[in-house]
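Notes follow once the structure below has been shown.
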There are 2 protein chains.
Amino acid sequence: MSGIEDVARGAGVSKATASRALTGHGYVAAATRARVRRVAEELGYVPSSSASSLATGRTRNIGVVMPYLNRWFFAEVLEGVQAVLLAEGFDLTLYDAKPGTEGRRRVFEDFLARKRFDGLIAVALEPDDHELERLVGIGRPVVSVVSDSEEASVVRLDDVHAARRATAHLIDLGHERITFLGGVSDHDGPHVDRERLGGYLSCMRGAGLDPRHIPSDVSLPGGYDAAVDLLSDPERRPTALVAACDEVAIGAIIAARRLGIAVPSALSVVGIDNHEYSDMFGLTTLEQSPREQGAAAAELLLEQVRAPDAARTEMRLQARLIVRGSTSPPPGVRSVAVGAVP
Amino acid sequence: MSGIEDVARGAGVSKATASRALTGHGYVAAATRARVRRVAEELGYVPSSSASSLATGRTRNIGVVMPYLNRWFFAEVLEGVQAVLLAEGFDLTLYDAKPGTEGRRRVFEDFLARKRFDGLIAVALEPDDHELERLVGIGRPVVSVVSDSEEASVVRLDDVHAARRATAHLIDLGHERITFLGGVSDHDGPHVDRERLGGYLSCMRGAGLDPRHIPSDVSLPGGYDAAVDLLSDPERRPTALVAACDEVAIGAIIAARRLGIAVPSALSVVGIDNHEYSDMFGLTTLEQSPREQGAAAAELLLEQVRAPDAARTEMRLQARLIVRGSTSPPPGVRSVAVGAVP
DNA sequence: TTGTAGGCGTTATCAT
DNA sequence: ATGATAACGCCTACAA
């Protein structure tokens with residue numbers, strides 16, 4: 001393992017010059033720089049990151065705090081973040097903080113306190129817990145994905161808007177009996193689910209329609225189970241479903257098929273996400289791109305890492321409607337209503 | 001930010017004693033230790049990881065190299081690894097190395113060379129590329145998950161065995177026209193897929209049956225598309241399917257349902273994985289637990305990190321058959337054959 | 001049992 | 001444009 005001293009000796013200069021030549025900070029004659037770099041190359045010199053972190057105070061490492069790794073949204077965000085960091089030469093260290101676990105406590109108490117990072121990306125921390133504020137308190141730049149924050153920069157989908165658009169799409173098609181599937185309630189459960197439910201409720205009320213919410217686990221099996229329940233009673237059956245997310249929507253489509261209910265002629269379904277499976281199920285949905293959100297968050301963060309006084313930024317993305325085959329006018333309605341519902 | 005010097009001063013001892021009291025290395029009077037620790041607590045002392053890494057040569061950080069983050073298997077492995085590391089106070093830095101990308105090259109050339117870790121977990125590196133050997137060459141302990149290696153410790157499923165068991169299960173039930181669905185071929189594509197196909201082939205031949213392989217993308221939509229193709233021709237239709245993995249199997253089940261082919265009465269399907277969705281689809285499968293594999297890999301690695309001369313270990317796991325509703329005797333066969341097929 | 005002092009490998013300040 | 005030299009914060013012989 002050759003250190004910078006070996007490089008310096010090999011190039012016939014001092015450690016200081018070698019360091020300048022290698023990092024690019026400060027004046028070095030072009031010829032010397034070239035010579036130093038060549039020697040470094042020959043020796044296979046790799047700077048010790050702990051030594052340079054100690055000297056500079058910067059780690060070239062970004063921390064990512066996430067409650068789950070094995071869900072589509074989170075894995076996609078992570079890939080987006082990773083791609084940008086990789087390109088910029090930053091490491092990524094992952095802090096898995098499952099809600100309500102001892103491990104999460106440790107992440108906040110012990111791990112994050114070590115500050116082995118120049119900045120932090122926090123994904124979907126629940127705002128109620130004020131954890132985001134604690135992260136900001138650590139004293140490194142923080143970018144929040146999903147959750148709003150007064151202090152940190154934010155990258156997120158406008159979930160209320162997405163749910164309103166989904167609902168409006170069905171209303172435009174002529175549906176009146178539209179049920180929202182998934183989540184706990186509008187005052188409990190994950191914040192995202194609540195906002196989506198809220199968007200649906202306000203859109204329904206604005207159109208003078210009766211809203212109805214069937215709770216379910218926000219997952220494919222959750223959507224399946226709840227939909228089997230809901231759809232098997234012909235009396236209660238709606239003509240359309242707004243799902244809390246694509247996985248729930250797909251669960252519902254699978255349930256409908258099993259029960260012999262044709263989609264979309266007997267039942268329309270809209271999701272939110274544009275999940276990787278949505279295309280295969282012909283699901284009409286509101287697209288959000290978690291990968292791009294992750295990439296945007298990483299870029300925002302690096303800016304702040306480089307210019308510590310950079311302004312806090314907020315990106316609130318509008319989902320784009322992708323119409324596929326899972327939605328159509330309800331049974332008995334043949335023409336499509338015109339005009340957008342707010 | 002108080003350093004160890006502040007703690008030492010506060011406790012009325014030297015930096016050396018403070019360090020010993022805090023790390024637990026070397027003799028310190030119980031009373032002094034308590035006092036030092038109390039002062040450290042009061043001051044909110046957090047050791048600088050770069051300084052202690054520089055001094056000790058250890059980072060308390062583990063690197064994980066993975067080709068994908070957004071697939072079920074990989075995300076599960078990662079969660080297993082993370083859980084163990086978290087409990088042991090180790091950080092996890094993630095190196096996303098997508099096959100055949102510029103990013104992957106950089107991971108190997110630049111990032112890993114920095115050695116910001118005490119050990120490495122490599123998941124599903126293709127053996128042909130000899131990347132595993134390069135990782136071992138870095139000079140830190142390496143544990144490989146999935147891929148075999150002469151030099152690194154290995155945690156993996158016995159894929160050949162799993163596929164044989166899956167096939168044998170169908171043969172036991174009386175099936176003869178059994179098709180393998182998924183992957184490229186037995187001499188191309190990811191190694192895992194090849195081994196599974198190989199297990200199927202050898203089991204079929206051993207039973208004197210004609211094997212048949214339908215390639216497909218190893219994913220849910222891939223399984224769906226290939227199955228639609230295969231099943232829509234009644235002439236060619238097999239009575240049973242061994243899928244390269246559960247996602248392919250589920251895709252096939254969905255395809256069968258769409259085509260009105262009853263599972264299992266007209267078509268049996270076996271998968272390999274026990275994916276989170278498998279239960280919902282009543283899929284008979286061979287269970288592997290990627291989360292446990294990840295945890296085992298992490299534990300193995302930490303052992304080696306702590307005792308650098310620890311022996312190389314190899315864990316080859318046997319999948320357990322979980323019989324659900326997707327398999328039954330073929331049409332026309334009512335009793336189940338007895339006796340295992342090798 | 002505790003303290004002293006040197007070293008870990010870089011970077012950065014200040015002369016030259 | 002380059003070279004000494006002092007941090008950076010902690011650990012660990014070795015000495016006391």
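Protein chains get the first letters and strands the later ones, always in sequence-line order, with residue 1 at the start of each. Values below: every heavy atom of this structure, side chains too, minus hydrogens, waters and symmetry copies.
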> Given B:Glu42 and B:Arg38, is the salt bridge (Lys or Arg N to Asp or Glu O under 4.0 Å) satisfied, shown in steps?
Replying inline: CA-CA 6 Å; B:Glu42 286 169 8; B:Arg38 192 167 42 69; 3.2 Å; yes
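- Environment of CD in B:Glu109: crowded, with over 12 heavy atoms of neighbouring residues, nucleotides or ligands closer than 6.0 Å.
- Taking 4.0 angstrom as the limit, B:Ser19 places none of its side-chain polar atoms (N or O) nearer than this to OP1 or OP2 of D:dC10.
- The distance between atom CG of B:Leu22 and atom P of D:dC10, rounded to the nearest whole Å, is 9 Å.
- For the helix from C:dT1-D:dA16 to C:dT16-D:dA1, the axis fitted to the five pairs at one end and the axis fitted to the five pairs at the other end meet at an angle of 40° (nearest 10 degrees).
- Between A:Ser48 and C:dC8 there is no side-chain N or O to OP1 or OP2 distance below 4.0 Å.
- Using a 4.0 Å cut-off between a side-chain N of Lys or Arg and a carboxylate O of Asp or Glu, A:Glu102 and A:Arg105 qualify as a salt bridge.
- If you check every strand for non-hydrogen atoms under 4.0 Å, A:Ser50 touches nothing.
- Computed from coordinates, the B:Lys15 NZ to C:dG7 P distance equals 14 Å when rounded to whole Å.
- A cation-pi contact links B:Arg114 to B:Phe111, judged by a cut-off of 6.0 Å to the six-membered ring centre and 45° from its axis.
- The residues B:Arg116 and B:Asp91 are annotated as not salt-bridged, no charged nitrogen and carboxylate oxygen being separated by less than 4.0 angstrom.
- Contacts of A:Ser53 with the nucleic acid, taken as non-hydrogen atoms under 4.0 Å apart, are absent.
- Sorted by residue number, the list of members of residues 35-43 of chain A with any non-hydrogen atom under 4.0 Å from DNA chain C is empty.
- Proximity of B:Tyr27 to the phosphate of C:dG3: no side-chain N or O atom is located under 4.0 Å from OP1 or OP2.
- Between A:Thr32 and D:dT2 there is a side-chain polar atom (N or O) within less than 4.0 angstrom of OP1 or OP2.
- The closest donor-acceptor contact from the side chain of A:Ser147 to the backbone of A:Leu125 lies under 3.5 Å.
- When the P atom of D:dA4 is taken as reference, atom CZ of A:Arg9 falls 13 Å away, rounded to whole Å.
- Evaluation of the side-chain hydrogen bond (donor to acceptor under 3.5 Å, both in side chains) rule for B:Tyr45 yields no partner, not counting sequence neighbours.
- More than 12 heavy atoms of other shown residues, nucleotides or ligands fall within 6.0 angstrom of atom CD in B:Glu314.
- A:His25 has its NE2 atom 15 Å from the P atom of C:dT10, to the nearest Å.
- Counting to the nearest Å, the C1' atom of C:dC8 and the CD1 atom of A:Ile4 are 14 Å from each other.
- One can place CD of A:Glu5 at 9 Å from P of C:dT10, the figure rounded to the nearest angstrom.
- Looking at which nucleotide of DNA chain D each of B:Ala16 and B:Ala51 is closest to, the 5′-most match is held by B:Ala51.
- Ranking D:dG3, C:dT11, D:dA1 by closeness to the A:Ala29 side chain, first place goes to D:dA1.
- Within the 3.5 Å criterion, the main-chain N or O of B:Asn70 finds no donor-acceptor partner in the side chain of A:Glu76.
- B:Thr17 and B:Ser14 share a side-chain donor-acceptor pair at under 3.5 Å.
- The distance between atom CZ of B:Arg20 and atom P of C:dT1, rounded to the nearest whole Å, is 11 Å.
- Summarising the geometry, the separation between CG on A:Leu54 and C1' on C:dT10 is reported as 8 Å, rounded to the nearest angstrom.
- A residue-by-residue look at B:Thr56 and B:Val13 shows that B:Val13 has its nearest nucleotide of DNA chain C further toward the 5' end.
- The phosphate of C:dG9 (OP1 or OP2) has no side-chain N or O of A:Ser52 nearer than 4.0 angstrom.
- Considering only side-chain atoms of B:Pro47, the nucleotide from D:dG9, D:dC10, C:dT11 that sits closest is D:dC10.
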